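Not measured: the values here are computed from a predicted model. Just so you know, these numbers use all the heavy atoms, side chains as well, and skip hydrogens, waters and symmetry mates.
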Amino acid sequence: MQRVYEFLRRNPTGVDTFWALVLLGINGLWVMGADVISDRRLAGIPVAFALSTVVALRRRAPEKMLLLAIATGLVQILVNVRWNPGDFAMLVIVYTVASSGALWASRLALAAGLCAAPIAVLSWPQVTPYPVWTNLIEAVFLTVPFALAWVIGDSLRTRRAYYAQLEERAERLHREREAQSKAAVAAERARIARELHDVVAHNVSVMVVQADGAAYVLDASPEQAKQALETISSTGRQALAEMRRLLGLLRSKDDAGGEYVPQPGVDQLTELVEQVRGAGLPVRFEVAGEARPLSSGVELTAYRIVQEALTNTRKHGGPDANATVRLTFGEAELDLLIEDDGRGAQHKLYEEGGEDGLGQGLIGMRERIGMVSGRLDAGPRPGGGFRISAVLPTRTAR
């Protein structure tokens, strides 16, 4: 049964042609069923052919078939061919045009349908004892089917338009959801990339410096080499712990087995500074103002900016560089100042991602600060070295 239904849907013209032939056959029986076949009955044959054509092509060209049906009806009145079974095509074309035709054609079909019955009654009135009332009632009853056909067709048009609008809206929402999902994935990837850069760049640079130092003093001072190796070990463990936390973010909640270290914040800056000092870079750490609770985003941003700035100082500051880290807690802002007196690198080199163009540098800092609505100012110092100044809004942690 489903196959038959699908076949009928795929071949609407064939279905209409079948019903047109049925209507033509019924009209032929009406002509041949008369006791006396008059000229008027015979004139109904070409009229029936025209109306059958209207039924056969009603869905392919509804507007043209409406005009053909109206012209056929006028010819039927002019040649005095009384209504016959073929006139059922007028009802069909009114419904078709109201449901799928142009707006002007729909209005014309309504007007033609409302006028068809009264004109037919006036052209062929009933001869009864009460002709006026009989013909009036007949005109009303014959007009009702045309009005109902138009109303049903127009309702179907409205429903189709409503469903089409719903489908379009659903498709648009689907595209918007896909775009939002892609944007969210891209933002998450960028965030994880910044985290990995901060973890790898800082800890690996510390390990490289300590490894070079250990190799240099291995024969002359085994104790210093041992301390350097211990620093490398602890730094490596810290890097692994942070990378384990980042990998945990990539897993689902059910699959994330084990405990992961919390995100670092302002309280861990002292440990960071000590670690950098142990790597051979003298750092002066100062805190001004009254410390207050900060949101996790501001905490992490402040930590990563200091970490990235000190890593760049070790990489570009030279052998005798000194660094200063100053935190100032204000009423509504947290001021960060990280500067060094080394030879530094050109500001353009930082902006363009380093010598190979692949570094995050100031790009990652600006992205982080932009996420918390802060401000960043970075560039070479007048007397040599490099300075990074960041202003972060303080928000009470929930």
Side-chain angles (χ1 to χ4, degrees), residues 2 5-6 9-10 12 59 62 97-106 152-201 242-257 260-265 293-305 308 332-334 351-353 357-376 378 390-398:
Q2 184 66 23
Y5 178 70
E6 292 294 333
R9 288 189 60 185
R10 289 195 301 267
R59 279 190 272 199
V97 173
S99 63
S100 58
L103 185 59
W104 66 267
S106 176
I152 295 173
D154 189 70
S155 300
L156 182 60
R157 175 205 295 270
T158 303
R159 183 183 300 178
R160 287 174 179 171
Y162 176 69
Y163 286 157
Q165 184 179 8
L166 288 181
E167 292 178 357
E168 181 183 359
R169 182 180 179 184
E171 181 65 22
R172 185 173 65 253
L173 292 176
H174 179 66
R175 292 195 299 267
E176 291 177 357
R177 283 196 299 269
E178 287 186 347
Q180 291 174 358
S181 299
K182 292 180 180 179
V185 170
E188 185 67 13
R189 288 179 177 176
R191 188 180 70 84
I192 294 174
R194 289 193 299 269
E195 289 289 314
L196 286 174
H197 167 264
D198 293 338
V199 170
V200 173
E242 292 200 23
M243 291 190 68
R244 196 178 298 118
R245 175 181 62 82
L246 291 176
L247 292 177
L249 296 177
L250 299 177
R251 299 177 181 176
S252 64
K253 186 176 181 181
D254 297 334
D255 296 336
Y260 301 104
V261 297
Q263 291 184 341
L294 304 174
S295 66
S296 59
V298 174
E299 291 260 1
L300 180 61
T301 299
Y303 182 90
R304 294 305 187 197
I305 289 175
E308 176 67 20
E333 294 177 335
L334 172 65
E351 293 285 357
E352 295 179 353
L358 300 177
Q360 297 290 325
L362 295 182
I363 299 175
M365 289 187 186
R366 294 191 188 282
E367 291 180 355
R368 285 188 180 278
I369 291 180
M371 293 176 62
V372 296
S373 303
R375 303 188 303 274
L376 175 68
V391 179
L392 306 178
T394 56
R395 300 171 184 174
T396 303
R398 294 185 179 180

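- Contact detail for G265 and E299: the closest heavy-atom pair is CA-OE1, 3.3 Å.
- More than 12 heavy atoms of other shown residues, nucleotides or ligands fall within 6.0 angstrom of atom CZ in R172.
- With hydrogens and angles ignored, the 3.5 Å screen pairs a side-chain donor or acceptor of T394 with a backbone N or O of A332.
- A distance of 12.0 Å separates CG of L300 from CG of L294, quoted to the nearest 0.5 Å.
- At most 12 non-hydrogen atoms from other residues, nucleotides or ligands lie less than 6.0 angstrom from CZ of R159.
- Environment of CD in Q165: sparse, with no more than 12 heavy atoms of neighbouring residues, nucleotides or ligands closer than 6.0 Å.
- The minimum heavy-atom distance linking L156 with S99 is given by the pair CD2-CB, 4.1 Å.
- Pairing each heavy atom of P393 with each of V298, the nearest pair is O-CG2, 3.3 Å.
- With hydrogens and angles disregarded, a donor-acceptor distance shorter than 3.5 Å links the side chain of R157 to the backbone of G101.
- In this structure, E168 places its CD atom where only 12 or fewer heavy-atom neighbours from other residues, nucleotides or ligands lie under 6.0 Å away.
- For the atom pair I369 CD1 and R304 CZ, the distance stands at 14.5 Å (nearest 0.5 Å).
- To the nearest 0.5 Å, atoms CD1 (I305) and CG (L376) are separated by 6.5 Å.
- Side-chain contact between E171 and E167: absent, with no pair of heavy atoms (C-beta onward) separated by less than 4.5 Å.
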